[in-house]
Amino acid sequence: MRVDANVHYFNGNQRTKPSTEASTSFSAALTAAQTDNNKTDSSTKQADFTSMTRQEMRDWANTQIRNGEMSLDDGRPFMAMTMKIPVNGGELAGAHSDETRYNFIQKTRDGIQGALSRNDEATLKMLESAMSIMQDKSTGVNIRI
């Protein structure tokens, strides 16, 4: 018995031609996607953390995680910084609708001071890690803890 990979059981003994068009279009799409990722990578390696919206911070953090430049655990403080929890206990506000620019460097400094005053070692470690990441990815803004 001989098995031929080009025989389709539904079509009997009709043979199909390998499609070079499909593989060419896939290759073109893959190349285009890689080019787009490279553009995104270069624009996300540096950020101005002193003036970002919550949505810009969330997008930056998600891109860093997606590109493997930051772990999910390292991304936790950035995601927490993008949340806006109302004081009255109402619904969470969406980051996409808030155009306010925040200084996330100062927010992190304030968080570090709060963690120190509460003796909260876990939060302190997480925020110090976030500050270190922001120093590495910053647009050259002088960041001091």
Side-chain angles (χ1 to χ4, degrees), residues 3-11 15-145:
V3 177
D4 190 350
N6 289 331
V7 174
H8 292 274
Y9 297 105
F10 297 116
N11 297 328
R15 295 182 185 268
T16 60
K17 294 183 201 176
S19 173
T20 56
E21 184 179 306
S23 63
T24 303
S25 62
F26 176 76
S27 296
L30 182 62
T31 302
Q34 288 171 336
T35 302
D36 288 344
N37 279 343
N38 289 339
K39 288 178 187 173
T40 301
D41 289 348
S42 64
S43 67
T44 60
K45 286 194 188 284
Q46 294 189 340
D48 182 4
F49 296 106
T50 62
S51 179
M52 294 178 97
T53 65
R54 291 184 301 127
Q55 186 61 49
E56 288 171 343
M57 173 60 91
R58 182 174 291 153
D59 291 344
W60 177 84
N62 283 331
T63 300
Q64 295 295 304
I65 292 166
R66 190 177 317 111
N67 291 345
E69 296 180 28
M70 183 167 58
S71 71
L72 282 172
D73 287 341
D74 288 341
R76 284 179 52 212
F78 296 102
M79 292 301 143
M81 284 187 260
T82 66
M83 294 179 5
K84 185 174 186 178
I85 302 170
V87 177
N88 66 1
E91 289 187 30
L92 294 175
H96 60 279
S97 63
D98 183 7
E99 293 300 318
T100 306
R101 296 206 160 276
Y102 297 96
N103 183 341
F104 287 101
I105 299 294
Q106 189 59 50
K107 282 182 158 296
T108 304
R109 283 188 190 123
D110 294 344
I112 288 171
Q113 289 303 314
L116 285 169
S117 70
R118 294 185 312 273
N119 293 321
D120 183 350
E121 291 294 322
T123 301
L124 178 63
K125 183 178 176 182
M126 184 174 61
L127 290 173
E128 286 177 338
S129 173
M131 183 64 84
S132 176
I133 291 169
M134 286 191 279
Q135 288 172 332
D136 290 344
K137 305 288 185 177
S138 182
T139 57
V141 176
N142 188 11
I143 301 172
R144 288 179 284 148
I145 296 179

Check your understanding: Is Arg118 close to Leu124 at the side-chain level, that is, under 4.5 Å between some pair of heavy atoms?
Key -> no
**Study point:** Atom pair CG (Leu127) and CE (Met81), whose distance is rounded to the nearest 0.5 Å
**Key:** 6.5 Å
Review point. From Asp110 CG over to Ile105 CD1, what is the distance, rounded to the nearest 0.5 angstrom?
Key: 11.5 Å
Review point. Can you tell me if CZ on Arg101 sees more than 12 non-hydrogen neighbours from other groups inside 6.0 Å?
Key: yes
Review point. Looking at OG1 of Thr123 and CZ of Arg76, how far apart are the two atoms once the value is rounded to the nearest 0.5 Å?
Key: 8.5 Å
Practice item. Would you check if the side chain of Thr108 reaches a backbone N or O of Phe104 as a donor-acceptor pair within less than 3.5 Å? Key: yes
Study note, to complete from the structure: Closest non-hydrogen contact found for Met70 with Ala61 is CE-O, 3.7 Å
Check your understanding: Can you tell me if Ser132 uses its side chain to pair, donor with acceptor, with the backbone of Glu128 under 3.5 Å?
Key -> no
**Study point:** Sub-4.5 Å side-chain heavy-atom contact between Phe78 and Gln64
**Key:** no
**Study point:** side-chain contact (heavy atoms from CB on, under 4.5 Å) evaluation trace for Lys137 with Trp60
**Key:** CA-CA 10 Å; Lys137 305 288 185 177; Trp60 177 84; 3.6 Å; yes
Check your understanding: Where do Met83 and Arg54 come nearest, in terms of heavy atoms and distance?
Key -> C-NH1, 3.6 Å
Point to revise | Taking every non-hydrogen atom, the tightest pair across Ala47 and Met52 | key: CB-CE, 4.2 Å
Revision key, fill the gap. Rounding to 0.5 Å, atoms NZ (Lys84) and OG1 (Thr100) come to a distance of 5.5 Å
**Study point:** Considering all heavy atoms, the nearest Ser71-Ile65 contact
**Key:** O-CG1, 3.9 Å
Practice item. Calculate, to the nearest 0.5 Å, the distance between atoms CZ and CD1 belonging to Phe49 and Ile133 respectively. Key: 9.0 Å
Practice item. Please report the closest heavy-atom contact between Asn62 and Met79, naming both atoms and the distance. Key: OD1-CE, 3.3 Å
Review point. What is the distance from atom CG of Asp48 to atom CD of Glu56, rounded to the nearest 0.5 Å?
Key: 9.5 Å
Exercise for review: Check Arg109 against Met131 and note the closest heavy-atom contact, atom names and distance.
Suggested key: CG-CE, 3.6 Å
